[in-house]
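Take this structure, written in structure tokens, and hold onto it; I'll ask about it next.
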Amino acid sequence: MSRTLGLIGSGMIGSSVARLAVAAGLEVVLSNSRGPETLADLVADLGARARAATPEEAARTGDLVVAAIPLKAHEQHPAEALAGKTVLDTANYYPERDGHLAELDAGELTSSALTQRRLPGSWVVKAFNNITPHQLFCLARPAGAPDRSALPIAGDDVAAKAEATRLLDVLGYDAVDIGPLAASWRSEPNTPVYVRPSLGETPAMSVEAFFRWTLRTPGIVVPAAQVGKLVETAVRQPAGEARIPNDEEAQSV
């Protein structure tokens, strides 16, 4: 298993992944767009296995890289530094935040396929995009635990998906391979596997209130068999329809 995890973006999802990685004994290199010094408190909280760096350094240092930034920021990815790396893409397409993208609105591409196009030297795997940050951290369980949850992954490279599966296993999750990046819409907003299975019924509220509510909710176990069934029942909807977001709009990038 890769021993150093690079993180591009250290907001809510990135921080949850980092906490799971440190708990699993991995070294973590955190980054954001505002500079390493802005991550001092998070690094101190995570302990000796974590340090802050620039996105370029996090990309070069990580044996595996998690990109936990909004889709609108993906053009800022250090493509050269990420060349030859497996990149786990956590982003979903939210037009009100990311701006409308014609290829995504028309369903010609998925957001992760667009990211792959922007990172031609890397192997992109869609992961961590269908679960809220607090539940991602709280629902992690050791391998073999009867109450272990699973997360969907999608990608075009078999070896990259195997690497992502190993990381999920170390962090506390089974992985369900839902196919290539062209099929990654099956885990995106407006699909049965997105957010609700691990939260249950969600009251209507603002984005800010929603995230506060998730912090008071332990989450619901969603095993691999259930993830598989939910993915199979997905029907593709127009991109950007009303949905509950899974990453904070104001996430630090």
Side-chain angles (χ1 to χ4, degrees), residues 1-32 36 39 42-43 46-69 71 73-74 76-91 111-113 115-116 118-131 133 136-137 140 142-143 149-178 180-181 184 187 247 253:
M1 176 60 214
S2 302
R3 302 306 301 172
T4 301
L5 184 66
L7 280 138
I8 298 176
S10 300
M12 295 177 71
I13 286 289
S15 296
S16 291
V17 172
R19 292 182 191 284
L20 292 174
V22 166
L26 302 183
E27 302 292 322
V28 174
V29 183
L30 300 151
S31 71
N32 64 15
L39 295 169
L42 178 58
V43 168
L46 290 171
R49 293 188 182 276
R51 67 181 180 90
T54 64
E56 289 79 6
E57 186 179 357
R60 294 188 190 280
T61 304
D63 298 311
L64 190 64
V65 179
V66 175
I69 63 176
L71 183 65
H74 277 201
Q76 302 171 19
H77 275 319
E80 183 179 346
L82 288 169
K85 302 291 179 81
T86 293
V87 179
L88 275 65
D89 172 29
T90 75
S111 62
S112 288
T115 299
Q116 179 68 82
R118 292 171 174 173
L119 297 173
S122 305
W123 297 281
V124 173
V125 177
K126 185 86 160 185
F128 302 120
N129 70 297
N130 74 309
I131 188 169
L136 174 61
F137 181 73
S149 288
L151 296 173
I153 64 169
D156 295 337
D157 185 85
V158 173
K161 286 195 284 189
E163 194 173 9
T165 296
R166 289 192 293 271
L167 176 65
L168 263 65
D169 182 49
V170 168
L171 299 186
Y173 287 88
D174 294 330
V176 176
D177 185 348
I178 66 173
L181 293 177
S184 61
S187 68
D247 59 15
V253 299

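Fair warning: this is a prediction, and the values are worked out from it, not measured in the lab. Quick note: residue numbers are just sequence positions, from 1. All values below were derived from every heavy atom in this structure, side-chain atoms included, with hydrogens, water molecules and symmetry-related copies excluded.
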Rounding to 0.5 Å, atoms CZ (Arg118) and OG (Ser112) come to a distance of 11.0 Å

*Measuring from Ile131:CD1 to Ile13:CD1, what's the distance to the nearest 0.5 Å?*
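The CD1 atom of Ile13 is 7.5 Å from CD1 of Ile131, to the nearest 0.5 Å.
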
* Between the side chain of Arg3 and the main-chain N/O of Gly25, is any donor-acceptor distance below 3.5 Å? ->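 Judged by distance alone, yes, a pair lies under 3.5 Å.
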
- Out of curiosity, Leu181 CG to Gln116 CD, how far, rounded to the nearest 0.5 Å?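 Rounded to the nearest 0.5 Å, the CG-CD separation comes out at 6.0 Å.
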
To the nearest 0.5 Å, atom NE2 of His77 lies from atom NE2 of His74 at 4.0 Å

Practice problem: Provide the full list of side chain to side chain donor-acceptor pair (under 3.5 Å) pairs with a residue in residues 12-29, sequence neighbours left out, each pair given once. | Solution: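 Found Arg19-Asp45, Glu27-Arg49.
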
> Can you name the nearest heavy-atom pair linking Ala160 to Trp123, along with the distance?
Replying inline: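 Answer, listing the atom of Ala160 first, then Trp123: CB-CB, 3.6 Å.
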
For Ser31 and Ile8 the tightest heavy-atom approach is OG-CA, 3.4 Å

CG of Leu46 to CG of Leu42, rounded to nearest 0.5 Å, is 4.5 Å

Shortest non-hydrogen pair, Leu151 vs Leu168, comes out as CB-CD2, 3.9 Å

CG (Leu30) and CG (Asn32) are apart, to the nearest 0.5 Å, by 9.0 Å

Derivation of the side chain to side chain contact (heavy atoms under 4.5 Å, CB included) call for Leu26 and Leu167
CA-CA 10 Å; Leu26 302 183; Leu167 176 65; 3.9 Å; yes

- Task: Could you tell me which non-hydrogen atom of Val43 sits nearest to which non-hydrogen atom of Ala50, and how far apart they are?
- Result: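 So the minimum-distance heavy-atom pair works out to CG1-O, 3.5 Å.
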
Side-chain donor-acceptor contact under 3.5 Å, Lys126 with Ser111: yes

The criterion is side-chain contact (heavy atoms from CB on, under 4.5 Å); which residues satisfy it with Ala24, sequence neighbours excluded?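 Only Val170 meet the side-chain contact (heavy atoms from CB on, under 4.5 Å) criterion with Ala24.
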
The side chain to side chain contact (heavy atoms under 4.5 Å, CB included) partner of Phe128 among Leu136, Asp89, Ile153 is Leu136

Taking every heavy atom of Asp156 against every heavy atom of Pro180, the minimum-distance pair comes out as OD1-CB, 3.2 Å

Closest non-hydrogen atoms of Ser122 and Leu82, given as atom of the first, atom of the second and distance, are OG-O, 2.7 Å

Quiz item: For Asp157, which residues count as a salt bridge (Lys or Arg N to Asp or Glu O under 4.0 Å) partner, sequence neighbours excluded?
Solution: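 Counting only residues at least two positions away or on another chain, Asp157 forms no salt bridge (Lys or Arg N to Asp or Glu O under 4.0 Å).
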
_Treating Lys85 as the side-chain partner and Arg60 as the backbone partner, does any N or O pair qualify as donor plus acceptor under 3.5 Å?_
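The answer is yes, because a donor-acceptor pair under 3.5 Å joins these two groups.
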
Just by distance, do the side chain of Asn129 and the backbone of Ala91 share a donor-acceptor pair under 3.5 Å?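 It does not hold such a pair.
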
- Query: Taking Val29 as the fixed residue, which of Thr54, Leu5, Val65, Thr61 is the one that meets the side chain to side chain contact (heavy atoms under 4.5 Å, CB included) rule?
  - Reply: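 For Val29, the side chain to side chain contact (heavy atoms under 4.5 Å, CB included) check succeeds only for Thr61.
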
